[in-house]
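Given the structure is predicted, the values throughout are model-derived calculations rather than measurements. Chain A is the first sequence line, chain B the second, and so forth, proteins listed ahead of strands; every chain is numbered from 1.
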2 protein chains.
Amino acid sequence: MKELLYIQLVDQLRKKIQLGVLKPGDMLPSENELSQEYQISRVTVRKSLSLLEQEGYTYSAPGKGYFVREPVTDKYILNFNEMNNAGGSAASSKLLEVNVVPPSTKMMYELQIPDDRYVIVIKRLLLAEGAPIAYDVKYLPYNRGLPLVEREIKYATFPELAGKKTSLFSIKKDLKICAKNASGGVCPLLNVEEGHPLLVISQKLYTAENKVIGWGEIYYIAEFCELNAMWSFGQRLYDNG
Amino acid sequence: MKELLYIQLVDQLRKKIQLGVLKPGDMLPSENELSQEYQISRVTVRKSLSLLEQEGYTYSAPGKGYFVREPVTDKYILNFNEMNNAGGSAASSKLLEVNVVPPSTKMMYELQIPDDRYVIVIKRLLLAEGAPIAYDVKYLPYNRGLPLVEREIKYATFPELAGKKTSLFSIKKDLKICAKNASGGVCPLLNVEEGHPLLVISQKLYTAENKVIGWGEIYYIAEFCELNAMWSFGQRLYDNG
DNA sequence: TAGTGGTCTAGACCACTGG
DNA sequence: CAGTGGTCTAGACCACTAC
């Protein structure tokens, strides 16, 4: 089990930072120094330092050197999948309504559309083991020639719906998470009493050019939704393979 | 404004993926092909492909080639800072209680400690412009010789407290987010009525070796807490500089 | 066996920061 | 000015995959 050179180096540097030998703001040895000290080429040293930077430990300042970063403590990786966030793994959904309607002022504001642009409204009930766990409303600016098949709507997630014409790779998405109490028409749908706690997740979809292509809200019965997020250094957004 | 070679290449490949010319599962041209096609060295081609991989567009399979990744749609970057998540930028806090107590069964479970290990309990009220917006309870396994100065507790975030002995770089942190209704002793503290919606964020801190070093819950008055998360390709967890 | 990505080298030139 | 990181090159060897 021989270790690769650049792995060895990055491990040693990482450990020094983790142990506090190198503290935020401290300068690392220069590329040339590391190159001589470890008897490896500068290219390989650079590969190690680049890895360390990817992991969030350091940053480089051209003309000066590499420095230990002040740890960023307020960014987490959040897991969220609208169809699979409750306990039930085999989540299904029930389509309540699909309509094309003139926009309300709220919709015009959220979707950034004029008042003569129609809006597709999709209302669903998310189910786990047959019981409702969330009420879901989505709004899409209406485009002619957008065939919406019921089966697609029933099982699709938001980006899949709004991004039918757009590659998923060029979509942006914002979430807002807050707590509310159930009131009005939502109560009978979710089969909860007035005032029951809900976790509300608003989603907004954008194209790469920041044009809004979808907006929606999901009202989860609190007991059936727990969001998880984690923070740690060196974490990656994408797995290998 | 001449563009760097590896930037040019990564831009072209990225665009092909975003436009759908290259779809998930498709194989990219090999390093040698790209090297010849663009008349740049293999090292530079590798730099571009490495960047593309970092951004989440592709992955590499040794002996086979580079492939377009199936987009990961369920991971977001969540912004959360316990002291600064409400509207008020100049958030302060009021210390309600600091105690060393024998652990309850709940604490023993959450902190993974035996019943003879004492626990430090810290209760705070988070304020924005003088008014309470959240109630905060933290539990730390008690260590002898851990001097807790009131001023520190008042303004410290959780990792700063629990990680006094540990470098922030070797701490892991999990969040759980859910909705609940206010009840019991929390109501008068937060000055809300019974049943008022709350956003509850549970935090658990671990060392690099997965030993629990802290656990806590923050009860935000729903109106004063909106969490934000975002998803898009190519996003980075750490800024440059 | 031919082709692929993965590791590593030595060396060149550049722009930038600091004294 | 000497030192730093940033870009780019040409070439070597390896392990793996697929045929």
**Q** Rounding to an integer number of Å, can you tell me how far B:Phe67 CZ sits from C:dG5 C1'?
**A** 11 Å

**Q** Classify the ring geometry of A:Trp215 against A:Tyr139: parallel below 30°, tilted from 30° to 60°, perpendicular beyond 60°.
**A**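 The rings of A:Trp215 and A:Tyr139 lie parallel, inter-plane angle below 30°.
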
**Q** Determine whether B:Tyr66 and B:Glu31 make a side-chain contact, defined as any pair of heavy atoms from C-beta on separated by less than 4.5 Å.
**A** yes

**Q** Over how many whole Å does the gap from A:Glu3 atom CD to C:dG6 atom P extend?
**A** 17 Å

**Q** For B:Ser30, which contact category applies under a 4.0 Å heavy-atom criterion: base, sugar-phosphate, or nothing?
**A** sugar-phosphate

**Q** Any side-chain N or O of A:Ser60 less than 4.0 Å from the OP1 or OP2 oxygen of D:dG6?
**A** yes

**Q** Side chain of B:Val43, heavy atoms from C-beta onward: which of D:dA10, C:dT7, D:dG5 has the nearest atom to it?
**A**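 Looking only at heavy atoms from C-beta outward on B:Val43, the closest nucleotide is D:dA10.
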
**Q** Let's see if you can work this out: which of C:dT7, D:dG5, C:dG6 has an atom nearest to the side-chain heavy atoms of A:Tyr6?
**A** C:dT7

**Q** How long is the line joining CG of A:Leu34 and P of D:dG5, in whole Å?
**A**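 Rounded to the whole Å, the gap is 8 Å.
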
**Q** What's the closest nucleotide to the side chain of A:Glu33 if the choices are D:dT4, C:dC8, D:dG5?
**A** D:dT4

**Q** Indicate whether any N or O donor in one side chain lies under 3.5 Å from an N or O acceptor in the other, for B:Thr44 and B:Ser41.
**A**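 Yes, because at least one side-chain N or O of B:Thr44 sits under 3.5 Å from a partner of the opposite role on B:Ser41.
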
**Q** Using atom NZ of B:Lys64 as one end and atom C1' of D:dC19 as the other, report the distance to the nearest whole Å.
**A** 14 Å

**Q** Taking only side-chain N and O atoms of A:Asn32, does any of them lie within less than 4.0 angstrom of OP1 or OP2 on D:dT4?
**A**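 A:Asn32 to D:dT4 OP1/OP2: side-chain N or O found under 4.0 Å.
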
**Q** Toward the 5' end of DNA chain C, which comes first, A:Gly63 or B:Gly65, by nearest nucleotide?
**A**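 Nearest-nucleotide comparison on DNA chain C picks B:Gly65.
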
**Q** Need one value for B:Leu49: base, sugar-phosphate or nothing, where a base atom within 4.0 Å counts as base even if backbone is also close, heavy atoms only.
**A** nothing

**Q** B:Glu31 has an atom CD; how far is it from atom C1' of D:dC16, in whole Å?
**A** 14 Å

**Q** With side-chain hydrogen bond (donor to acceptor under 3.5 Å, both in side chains) as the test, pick out the partner of A:Lys204 among A:Gln112, A:Glu110, A:Glu217.
**A** A:Glu110

**Q** Whole Å only: how far is the CG atom of A:Leu5 from the P atom of D:dC14?
**A** 15 Å

**Q** Between B:Tyr38 and D:dC8, does any side-chain N or O lie under 4.0 Å from OP1 or OP2?
**A** no

**Q** Give a yes/no on whether any side-chain N or O of B:Arg46 is located under 4.0 angstrom from OP1 or OP2 of C:dG6.
**A** yes

**Q** For the side chain of B:Ile40, starting at C-beta, report the closest nucleotide among C:dT7, C:dC8, D:dT9.
**A** D:dT9

**Q** Using a distance-only test with no angle check, is there a side-chain donor-acceptor pair under 3.5 angstrom linking A:Gln8 and A:Tyr38?
**A**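 A:Gln8 vs A:Tyr38: no donor-acceptor pair found between side chains.
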
**Q** Separation of B:Gln36 atom CD from D:dG11 atom P, in whole Å?
**A** 13 Å

**Q** Any side-chain N or O of B:Thr44 less than 4.0 Å from the OP1 or OP2 oxygen of D:dT7?
**A** no

**Q** So, is A:Lys47 near the phosphate of C:dT7, with a side-chain N or O under 4.0 Å from OP1 or OP2?
**A**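 Checking A:Lys47 against C:dT7: at least one side-chain N or O falls below 4.0 Å of OP1 or OP2.
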
**Q** State, to 0.1 Å, how close A:Ile177 and B:Leu199 come at their nearest heavy-atom pair, and which atoms those are.
**A**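 The pair with the smallest heavy-atom distance is O-CD2, 4.3 Å.
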
**Q** How many whole angstroms separate atom CZ of A:Arg42 from atom P of C:dT7?
**A** 19 Å

